[in-house]
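The structure appears right after this line, and notes come after that.
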Amino acid sequence: MQIYNTLSRKKEAFTPIEAGKVKMYVCGMTVYDYCHLGHARVLVAFDVISRYLRAKGYELNYVRNITDIDDKILRRADENGEDYTALTERFITAMHEDAERLGIAPPDAEPRATGHIEDILAMIARLIERGFAYAADNGDVYYRVSRFEGYGKLSGKKPDELLSGARIAVDEAKEDPRDFALWKAAKSGEVSWPSPWGEGRPGWHIECSAMSTCCLGDNFDIHGGGPDLVFPHHENEIAQSEAATGKPYANTWMHAGAVRVDNEKMSKSLGNFFTIREILDKYHPEVVRYFLISSHYRSAINYSEDNLQIARQNLERFYHALKGLPVEPVTPYNELPADNRYVQRFDAAMSDDFAAPEALAVLFDLVRELNNARAAGEDAAVTEQAALLRSLGALLGILGCEAEAFLQAGSAGELSAEEIESLIAERVQAKKDRDFARADGIRAQLLEGGVVLEDSREGTTWRRA
RNA sequence: GGCGCGGUGGCAGAGUGGUUAUGCAGCGGACUGCAACUCCGUGUACGCCGGUUCGAUUCCGACCCGCGCCUCCA
């Protein structure tokens, strides 16, 4: 298996530290607002990655954290006039709902920063002990960037050049403008925890170093996250962890591509972001998921109505092929016929840095064969190929719906299934009476309501346009 | 300015030193009462300019354009 490693900027053969086992940590979200499409992208990307690793027989330990103490959280809670834990609990629940709707399997562990304050304090103490951190006069504790030799190795930045680019408003308490906070002294009235350096709370990056090390050990296999975390977050995590443990931190760094809107980065600061739930109000969850996997996980994707529409049309082709065929059974990946050419091509694609778009192309070829088999009345082949299609789709987290249910899924305010069925019955009678004008009138009427009719030897079926 | 990524047919989006990506849309045909679905056929696509090569979209160099990070952000 090949995986692109941000650290080396190339694809590498993947070898886990311990044979047969994979330890993976992915940066989850800071819970002060609803998940947006960027979060969905990371969630889906690593969901597919974890499914494939497991399918290949690895015993995976997938840890995805929640950052539930942070400046933005406190500011938002203050604006709302609520306790910060009420805020974080609400958005954690919302995040779980969004993830579930997108078909994201829960991670094996979901540690929260506030649940690891002791580990954070222990790591900070260790960094001070080793000379990599210092307590400043203002009560903050900072990481001493100049002390860490490998600083910049992930993001490709040179420590010297960072100096000139560093913020103009240099905090006087820092020895060096590049230094970053490990511990922030509490302002009056703020939530805080006791520490040897006074009341305060963790800085932004230390929680991930503490939680990952705590859950997975000093050195683990894969660390992932969104594209904008490379610098400074992941760079700082490396600096913290490797300085504290004296050992290499994550072996492979994986980063998802950016989500853009109108060719501009979607971000909170630009205010052009879409939340998962507002998109889910307009599109079937599987359409959203399909949109996210139809580009390689590392490339940038552009959110647009057209692209979501294309995703839906693509899925319609799959579900048309699966019409009338059972959802079950789905065969576990390792029990699929190894000599099957679709399985082989699918696996070749996925084992090459999780190339889902290529895997989807294989599935479309399988659809064509399935459609041909169906036209030829080869029932056994149809059943077999449909099961294979479902099974391979399951690895990507798609094609798990009942075909008619997917094709007929609509939103409130549209024609109800009952109304549609009744009109179809009327049309069947009209056809029997050879009253084609009336039959076509009903077809046109339904089409206006967004419903497409499909006649076949077995009868008339319908779907939403 | 520093570092990095990318420019593929009407659209989306893979990939490759010489042979079909795939899907949608279009066109022609089959099927259909009409449609839809499906099937068959159909596209001289690889930003520009040089170089290497028998041959480059695919490797190398320069250039143009777009984007990202360098500041909170997945």
Side-chain angles (χ1 to χ4, degrees), chain A residues 6 9 26-30 32-33 35-46 70-72 75 152 155-158 160-162 164-169 178 204 224-233 235 255-260 263-270 273 290-291 294-296 298-302 304 306-321 323 345 349 352 355-365 367-368 370-372 374-376 407 431 434-437 439-440 443-444 447 451-457 460-463 465:
Chain A
T6 307
R9 294 214 185 74
V26 174
C27 285
M29 67 179 304
T30 301
Y32 67 98
D33 207 339
C35 290
H36 62 231
L37 238 202
H39 293 109
R41 164 95 120 148
V42 172
L43 252 21
V44 169
F46 287 97
D70 154 273
D71 288 352
K72 293 184 294 299
R75 192 185 334 127
S155 55
K157 301 192 182 307
K158 299 189 179 61
D160 295 349
E161 288 161 356
L162 281 169
S164 57
R167 279 209 266 194
I168 300 156
R178 298 167 301 186
W204 175 32
D228 41 10
L229 295 182
V230 177
F231 188 91
H233 189 239
E235 192 70 61
H255 293 94
V259 174
R260 294 188 196 156
N263 230 25
E264 232 187 357
K265 182 189 163 178
M266 182 176 83
S267 74
K268 292 185 179 168
S269 51
L270 288 171
F273 65 96
Y290 186 95
F291 164 66
S294 60
S295 295
H296 187 90
R298 278 193 286 116
S299 58
I301 51 172
N302 200 33
S304 70
D306 284 355
N307 286 162
L308 269 293
Q309 191 57 32
I310 285 172
R312 198 173 78 108
Q313 285 174 305
N314 279 255
L315 275 173
E316 277 175 3
R317 181 163 166 80
F318 282 119
Y319 278 116
H320 264 296
K323 252 170 106 170
R345 286 173 58 203
D352 181 9
E358 227 180 313
L360 287 173
V362 175
L363 262 35
F364 279 114
D365 286 342
V367 163
R368 175 163 290 113
L370 194 166
N371 285 334
N372 276 124
R374 197 197 281 260
L407 293 168
K431 279 174 63 175
R434 316 241 359 126
D435 181 359
F436 294 123
D440 289 350
R443 179 194 288 293
L447 189 59
V451 174
V452 177
L453 296 185
E454 296 175 344
D455 294 337
S456 72
R457 31 272 141 228
T460 299
T461 56
W462 62 275
R463 65 180 164 89

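Below, all heavy atoms of this structure are taken into account, side chains as well, without hydrogens, waters or symmetry copies. In the text below, chain A, chain B and the rest are named by the order of the sequence lines, each starting its count at 1. Note that the coordinates shown come from a computational prediction; the quantities given were computed from them, not determined experimentally.
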Margin query: Ignoring hydrogens and geometry beyond distance, is the side chain of Arg41(A) in donor-acceptor contact with the base of rA74(B) at under 3.5 Å?
Written below: no
Margin query: On the side chain of Asp228(A), is there an atom forming a donor-acceptor pair with the base of rG68(B) - under 3.5 Å, no angle test?
Written below: no
Please classify the nucleic acid contact of [X] as base, sugar-phosphate, or nothing, using heavy-atom distances under 4.0 Å.
| X | result |
| --- | --- |
| Gly152(A) | nothing |
| Val452(A) | sugar-phosphate |
| Asn371(A) | sugar-phosphate |
| Ser294(A) | sugar-phosphate |
| Arg260(A) | sugar-phosphate |
| Lys431(A) | base |
| Ser456(A) | nothing |
| His296(A) | sugar-phosphate |
| Arg298(A) | nothing |
| Lys72(A) | sugar-phosphate |

Checklist line | Any residue meeting salt bridge (charged side-chain N to carboxylate O under 4.0 Å, His left out) with Glu316(A), in chain and number order, not counting sequence neighbours | finding: Arg312(A), Arg463(A)
Can you check the distance between [N] and [M], where both ends of the measurement are the [atom1] atom (answer in whole Å)?
| N | M | atom1 | result |
| --- | --- | --- | --- |
| rC65(B) | rC49(B) | P | 16 Å |
| rA56(B) | rC3(B) | P | 32 Å |
| rC31(B) | rC40(B) | C1' | 11 Å |
| rG7(B) | rU16(B) | P | 13 Å |

Look at [X] and [N] and indicate whether a side-chain polar atom (N or O) is within less than 4.0 Å of OP1 or OP2.
| X | N | answer |
| --- | --- | --- |
| Lys265(A) | rC69(B) | yes |
| Asn302(A) | rC11(B) | no |
| Trp204(A) | rC73(B) | yes |

Checklist line | Dot-bracket notation for RNA chain B, counting Watson-Crick and G-U pairs under 3.5 Å, with | for partners on another strand | finding: (((((((..(((.....[...))).(((((.......)))))....(.(((..]....))).))))))))....
Notebook entry, point to check: Which heavy-atom pair separates Phe318(A) from Leu360(A) by the least distance, and what is that distance?
Noted result: CZ-O, 4.2 Å
Next item on the list: Determine, for nucleotides 22-30 of chain B in 5'-to-3' order, which nucleotides have protein heavy atoms under 4.0 Å from the base (write B), from only the sugar-phosphate (write S), or from neither (write -).
Entry: SSS------
Notebook entry, point to check: Strictly by modelled atom types, are Lys323(A) and Thr461(A) linked by a side-chain donor-acceptor pair under 3.5 Å?
Noted result: yes
